[in-house]
2 protein chains.
Amino acid sequence: MNEPGKRTMTASAQKRRKIRDTISGAAIREFARNGLSGTSTQAIAQSAGITKAQLHYYISSKEELYRQVLGDIVKEWREIFFIAPFQHDPALAISTYIDRKIRHALKYPDISRLFANEIGRGAPEMREHWGVLKNSTEMANGVIRDWIAKGMIQPVDPLLFQMNMWAVTQSYAEYEAQARVLMDLDDDTPMNADRIIAEATQLFLLRCGLSGERVFR
Amino acid sequence: MNEPGKRTMTASAQKRRKIRDTISGAAIREFARNGLSGTSTQAIAQSAGITKAQLHYYISSKEELYRQVLGDIVKEWREIFFIAPFQHDPALAISTYIDRKIRHALKYPDISRLFANEIGRGAPEMREHWGVLKNSTEMANGVIRDWIAKGMIQPVDPLLFQMNMWAVTQSYAEYEAQARVLMDLDDDTPMNADRIIAEATQLFLLRCGLSGERVFR
DNA sequence: AAATAGTTTGACCAATTGCTATGATTTTGG
DNA sequence: CCAAAATCATAGCAATTGGTCAAACTATTT
């Protein structure tokens with residue numbers, strides 16, 4: 001038997017991992033569409049291409065599976081969307097964040113939707129994650145306040161500025177269906193990421209009194 | 001028997017209307033939290049303070065009730081959030097829109113959440129509403145383009161500018177739970193509407209190159 | 001007051017829910 | 001190659017699902 005995390009992996013362990021990933025993917029898809037209570041284990045199993053009983057062999061319960069994928073999302077986001085590395089350059093920090101966040105939203109909209117769903121429900125499963133999330137937000141708060149103090153950007157409400165960036169970037173995943181209608185795009189045509197990024201970047205750079213020139217990529 | 005819509009209303013008709021409103025309110029609450037498939041008629045009935053059988057006496061089906069409240073929301077929004085009346089003054093038009101929209105989001109967050117949920121699911125019940133919604137969006141598009149042509153505002157992507165306003169204003173309903181955590185607010189304390197409106201207004205006025213002064217109210 | 005119409009109720013329906021028990025099958029280590 | 005362990009599928013569990021029904025109850029009309 002092989003411990004997960006070991007460098008070598010037997011064929012069976014690989015297969016097991018693959019199945020688990022398939023399940024996670026299917027769960028994200030289904031939970032994003034219909035929420036926790038609106039998703040049946042049957043639907044998840046079907047979406048994963050396995051039987052319901054087989055699914056229940058791999059998971060302990062629907063709620064637990066939900067908690068697991070939610071935790072994975074929070075963890076992944078914490079690593080990807082981190083404003084601190086570019087503290088020295090506000091324009092770079094902001095445009096980098098927006099670029100990453102929007103590309104992620106367009107590429108993995110279900111992840112964003114699942115998260116939005118959880119928050120919309122009152123975030124009952126987020127209790128254990130608030131601490132770390134609040135922490136990074138307050139770190140970013142400090143960075144922004146520092147920018148203001150040093151006269152690098154115009155004064156903004158640090159928290160609301162962050163929340164508004166989140167809202168705009170996130171919305172292109174959540175409101176994809178609406179965006180497609182308004183843009184006359186069918187479901188197969190990808191949305192124009194560059195166009196969206198350009199407008200969003202302008203929006204937040206100008207709020208800070210920074211040049212509207214495209215700064216990043 | 002009394003037709004609905006007549007000026008006079010018998011006591012029984014009034015009672016019937018009151019029950020229907022109670023049901024709509026309960027439905028919005030429950031659908032907002034758990035979506036269409038995640039909400040049971042039992043839960044709606046309980047939230048409305050009636051029995052399940054009684055609920056089914058007033059509605060034809062869960063889906064139909066969902067369609068009804070969704071239709072009501074779309075209709076109400078079309079009346080409330082209309083940018084055209086202030087065409088002559090971009091700053092006034094924008095700040096009025098943001099003010100109204102955010103106050104509505106903070107006052108009736110469930111309505112915003114129900115709508116967000118529907119769009120997140122792929123908006124399967126929005127087919128009949130897209131036409132009129134697209135229309136008003138394109139009217140506003142024209143207004144904004146006109147502003148740009150006349151040099152009243154800096155160039156913006158008209159559609160994305162609207163979508164971003166929508167995203168920011170909407171988010172304070174959808175992400176209320178998160179906002180409360182980040183702001184250290186308990187569930188009873190109302191959020192500071194003026195603060196939110198001020199930052200959002202600045203954001204979008206500055207994008208247009210308009211003075212950051214508070215223009216409205 | 002009787003007849004009629006509108007409303008409420010509890011019992012009930014088949015279908016689906018999350019999940020399990022059990023035996024069959026496959027995979028694996030010795 | 002064989003026994004043990006892991007995986008899988010069928011059938012089934014009690015509980016809940018959306019919705020119905022007829023009987024009881026309450027209002028309204030004549």
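Chain naming here is simple, since letters A, B, ... match the order of the sequence lines and numbering starts at 1 in each. Values in this document were obtained by computation on a predicted structure and should not be read as measured data.
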Are any protein N/O atoms closer than 3.5 Å to N/O atoms in nucleotides 23-25 of chain C? If there are, list each pair with its distance.
none

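Using a 4.0 Å cut-off, some side-chain N or O of B/T51 falls inside it from OP1 or OP2 of C/dT9. Regarding contacts with the backbone of D/dT7, a side-chain N or O of A/R16 is found under 4.0 angstrom from either OP1 or OP2.
For the segment residues 52-59 of chain B, residues with any heavy atom less than 4.0 angstrom from an atom of DNA chain C are, sorted by number, B/A53, B/Q54, B/Y57, B/Y58. Contact check of residues 22-41 of chain B against DNA chain D (heavy atom, cut-off under 4.0 Å) returns B/T39, B/S40, B/T41. At a non-hydrogen distance threshold of 4.0 Å, nothing from residues 64-72 of chain A comes into contact with DNA chain C.
With A/R113 contributing its side chain and B/R121 its backbone, the two residues share no donor-acceptor pair below 3.5 Å.
What you find for B/F204 and B/I98 is that their closest heavy atoms are CD1-CD1, 3.8 Å.
In this structure, the separation between CG on B/L36 and CZ on B/F31 is 5.5 Å, given to the nearest 0.5 Å. Atom-to-atom distance recorded for A/T201:OG1 and A/I196:CD1 is 11.0 Å, nearest 0.5 angstrom. Atom CG in B/N141 sits 11.0 Å away from atom CE in B/M139 (nearest 0.5 Å).
We find that CD of B/E63 is positioned 12 Å from C1' of D/dT17, with the value rounded to whole Å.
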Show me the donor-acceptor pairs within less than 3.5 Å that the side chains of residues 70-78 of chain A make with the rest of the protein, sequence neighbours left out.
residue: A/D72; atom: OD2; partner: A/Q68; partner atom: NE2; Å: 3.2

Let me have the donor-acceptor pairs involving side chains of residues 42-59 of chain B, under 3.5 Å, with sequence neighbours excluded, atom names and distances please.
residue: B/S47; atom: OG; partner: B/R29; partner atom: NH1; Å: 2.6
residue: B/T51; atom: OG1; partner: B/Q54; partner atom: N; Å: 3.1
residue: B/H56; atom: NE2; partner: B/T41; partner atom: OG1; Å: 3.4

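For the pair A/D21 and A/K18, the minimum side-chain heavy-atom distance is 4.5 Å or more.
Looking at B/D186 and B/T189, their side chains do bring a donor and an acceptor atom within 3.5 Å of each other. There is no side-chain donor-acceptor pair under 3.5 Å between B/N164 and A/E199.
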